[in-house]
Amino acid sequence: MNGGEPPVDTATFEPSSENPISLPEPQAAPPNPEELVAKAIAPVKAEFLRPPPSRSRSDGAGEKNSVSSNVVKEKKSKRQLKRERQQEQKSATHICSEVAKLGKVDACRYGGKCRFSHDLDAYLAQKPADLEGTCPFNIVKELCPYGLTCRFASTHSEGVSLEDENTPKKNFEINGLNKDLQRLLWKNKVSFPKSSAQLKLLGLSVIKVDSNLKPHAREKKLIDFRRKLYLAPLTTVGNLPFRRVCRALGADITCGEMAMCTNLLQGQASEWALLRRHSSEEIFGVQICGSYPDTVARTVELIDRECAVDFIDINMGCPIDIVVNKGAGSSLLTKPMRMKGIIQAASGTVDKPITVKVRTGYFEGRNRIDSLISDIKAWGGTAVTIHGRSRQQRYSKLADWDYINLCANKAPDNLQVLGNGDIFSYHDWNMHISDCSKLSSCMVGRGALIKPWIFTEIKEQRDWDISSTERFDILKDFVRFGLQHWGSDNKGVETTRHFMLEWLSYTCRYIPVGLLDVIPQRINWRLPSYYGRNDLETLMASDSAADWIRISEMLLGKVPEGFSFAPKHKSNAYDRAENG
Ligand SMILES: Cc1cc2nc3c(=O)[nH]c(=O)nc-3n(C[C@H](O)[C@H](O)[C@H](O)COP(=O)(O)O)c2cc1C
């Protein structure tokens, strides 16, 4: 981490652009701002425009945003990988976490049988120099769990009066996967009495039941979504540190990244990690995705038993092929009876509110939700978020808010309807809220990724001409939260960097308010190449992966040897598939 003004090398700085919009020929009369807006080109003030930077092959151009040091990985057998892992674990770089934590060779109860190295001297001899800044745990007066492996170890307890371990923490995470439960899940030994009973009642179980029994209508603890600012679930980029950033900037409701039911039921740690919640997330839901009533019902029972969440959202809008081909996500929009089974089974199994997230329909021009909206309530859903696009349409064309409003107007009074699609300013928010009084609230996805202060703008009803330093401070917060979440050791630093780079592939789409002839910026505008008001602002506008890496290096030090990065979601393509 870096303190003070971020250092940008002004002498050499030359950002590059992946998809530059061609500027008009110098002799032609430049189009006026209204003409540009009509063509969905951002009307950047003439004095900031620049020719698209020339791009050498080595800075990532034409290489899918990956940097030049791309290493081609050879394919290895599982056995070879295991052997290598075992050798690596015993190497000096893989110090035992217990030994590192306390700085004592005898701290590990496994002694010589431990799989990891206990050679502290060898570890310290090869450890890279500490990063600039203070340990992210010491900042919040906590003992650093990474001990000597922390990349800020030299600042440990330096002038910080650490609170003793019994003091209740103000800053913590919950919803971890208990190891015993994980073992039981692996062995398929977990019982699901509530979901089994509900599935029997619904006739969705193989076991016959008394036909007089009625499906259990559970008393739901309602969440009032009305006018609350809801950060959309966002796979990869909507991670816990990012959600903390949005909470601090005004988001009221947050939701975890989509987790697949089958993976949760198999006890996969990486999937359970998607359910984690930070103490600052006041109203928090998790999002799950499954194809069948039984898997979804078991998953909600498990989540209800093991986790603290305020609601469980079922993703019925995910357009990606691997999900759709399994019969989950948006493919459910073509199977209303399966949809019914899933919602009834889930809502009858737990008292927690069950919400669903849908698209307008599966096929373009064949919207379904208006004909299902009353049913969703009758089946037990308490809220529905409608992303105003079909599955087929992906992100092409703007979201259809007329259709969202039509659905909201058709919905029964006790079903909360939330609209979603393309909100990028408080003007968009106000317009949608005032256009339809039946709409409870709206959800913000890419708008929050590109400018997380959108929540502040909506709350304070202003277009914030945020400075590059203020934006850099938000990145610093992300880094601090990331290191607290993923760890302040080498691995945590690199994981934080990776997720920050994913995020930076969105933030570069923001055009500062002061640079535009027409405000507010719209989410579908294509961006010309432009200079910022200072070097940092110019750097932040770059859509080159090499420049995102430079930003990451200002916060997290040099990237390791052979580092490469290619964003998972290619954000500068307007029409691409995402999970909702
Ligand atoms: C990177 C990315 C990841 C997403 N992941 C999810 C997800 O996990 N679950 C989901 O329901 N929708 C997901 N979506 C869809 C968004 O939640 C939202 O519905 C969509 O982006 C439209 O809203 P927007 O125009 O405000 O971005 C994702 C979208 C993006 C851009």
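Quick caveat, the model's predicted, so the values are computed rather than measured. For this chain, numbers begin at 1 and follow the sequence in order.
Here the CD atom belonging to Q392 is positioned 6.5 Å from the CZ atom belonging to F363, to the nearest 0.5 angstrom. In this structure, CG on L483 lies 8.5 Å from SG on C135, to the nearest 0.5 angstrom. Separating the CG atom in L536 from the OG1 atom in T469 is a distance of 6.5 Å, to the nearest 0.5 Å. Distance check: L449 CG to S505 OG gives 8.5 Å after rounding to the nearest 0.5 Å. Note that CD1 of I320 is 9.5 Å distant from CZ of R391, once rounded to the nearest 0.5 Å. A distance of 7.0 Å separates OG1 in T456 from CZ in R462, rounded to the nearest 0.5 Å.
Looking only at distances, a side-chain donor or acceptor of K45 sits under 3.5 Å from a matching main-chain atom of G514. Between the Q461 side chain and the I458 main chain, a donor and an acceptor come within less than 3.5 Å of each other. The closest donor-acceptor contact from the side chain of D422 to the backbone of A399 lies under 3.5 Å. Side chain of R226 to main chain of Q416: no donor-acceptor pair is present (N/O by atom type, distance under 3.5 Å, no hydrogens or angles). For the pair Y403 (side chain) and I369 (backbone), a donor-acceptor distance under 3.5 Å is present. Formation of a donor-acceptor pair under 3.5 Å by the E257 side chain with backbone atoms of L274 is not found in this model. S279 places a side-chain N or O within donor-acceptor distance of the main-chain N or O of F172, the cut-off being under 3.5 Å. Panel note: side chain N138, backbone K141; no donor-acceptor pair is recorded below 3.5 Å. A donor-acceptor distance shorter than 3.5 angstrom exists from the side chain of R509 to the backbone of W525, with no hydrogens or angles considered. K451 places a side-chain N or O within donor-acceptor distance of the main-chain N or O of F424, the cut-off being under 3.5 Å.
In summary, the side chains of D400 and Q393 do not present any donor paired with an acceptor at a separation below 3.5 Å, with no hydrogens or angles considered. Donor-acceptor pairing under 3.5 Å is lacking for the side chains of R50 and Y530. For the residue pair R244 and Q484, a side-chain donor N or O sits within less than 3.5 Å of a side-chain acceptor on the partner. Looking at N420 and T385, their side chains never bring a donor and an acceptor atom within 3.5 Å of each other. If you check the side chains of S390 and E364, you find a donor sitting under 3.5 Å from an acceptor. Side-chain contact, N405 with H432: no donor N or O sits under 3.5 Å from an acceptor N or O. In summary, the side chains of D252 and Y230 do not present any donor paired with an acceptor at a separation below 3.5 Å, with no hydrogens or angles considered. When only modelled atom types and interatomic distance are considered, S280 and H278 share a side-chain donor-acceptor pair under 3.5 Å. For the residue pair T236/K568, the side-chain donor-acceptor check at 3.5 Å is satisfied.
Taking the six-membered ring for Trp and the full ring otherwise, W453 and Y510 have centroids separated by under 6.0 Å.
F311 and F225 have perpendicular rings, their planes meeting at more than 60° on a 0 to 90° scale where under 30° would count as parallel.
Residues R277 and D310 are paired through a salt bridge, judged by an N-O separation under 4.0 Å between the basic side chain and the carboxylate. Contact check on R533 versus D465 returns a salt bridge, with a Lys/Arg side-chain nitrogen under 4.0 Å from an Asp/Glu carboxylate oxygen.
The environment of CD in E47 is crowded: more than 12 heavy-atom neighbours from other residues, nucleotides or ligands sit within 6.0 Å.
Closest approach of M316 to L332, counting heavy atoms only: CG-CD1, 3.9 Å. When all heavy atoms of W548 and P567 are compared, the closest pair comes out as CZ3-CG, 4.0 Å. Residues Q287 and P233 approach most closely at NE2-CG, 3.6 Å, considering heavy atoms. Listed here is the closest heavy atom pair of C407 and I386: CB-CD1, 3.5 Å. Considering all non-hydrogen atoms of both residues, V559 and S552 come closest at CG1-OG, 4.3 Å.
Here the side chains of L475 and L504 are in contact, with some heavy-atom distance below 4.5 Å.
Sequence neighbours left out, not one pair with a member in residues 32-51 passes ring pair (Phe, Tyr, Trp, His ring centres under 6.0 Å). Applying the ring pair (Phe, Tyr, Trp, His ring centres under 6.0 Å) test to residues at least two apart or on different chains, the pairs with a partner in residues 484-503 are F242-W503, F478-W503, W486-F499, H498-F565.
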Output side-chain donor-acceptor pairs under 3.5 Å for residues 32-41, partner residues at least two apart or in another chain, one line each.
from : atom 1 : to  : atom 2 : distance (Å)
N32  : OD1    : E34 : N      : 3.1
N32  : OD1    : E35 : N      : 2.8
E35  : OE1    : N32 : N      : 2.9

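When each of E281, E282, R243 is checked for a side chain to side chain donor-acceptor pair (under 3.5 Å) with T254, only E281 meets the rule.
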Applying salt bridge (Lys or Arg N to Asp or Glu O under 4.0 Å), run through E494 and R497 and close with a yes or a no. CA-CA 5 Å; E494 290 316 316; R497 186 196 307 279; 2.8 Å; yes
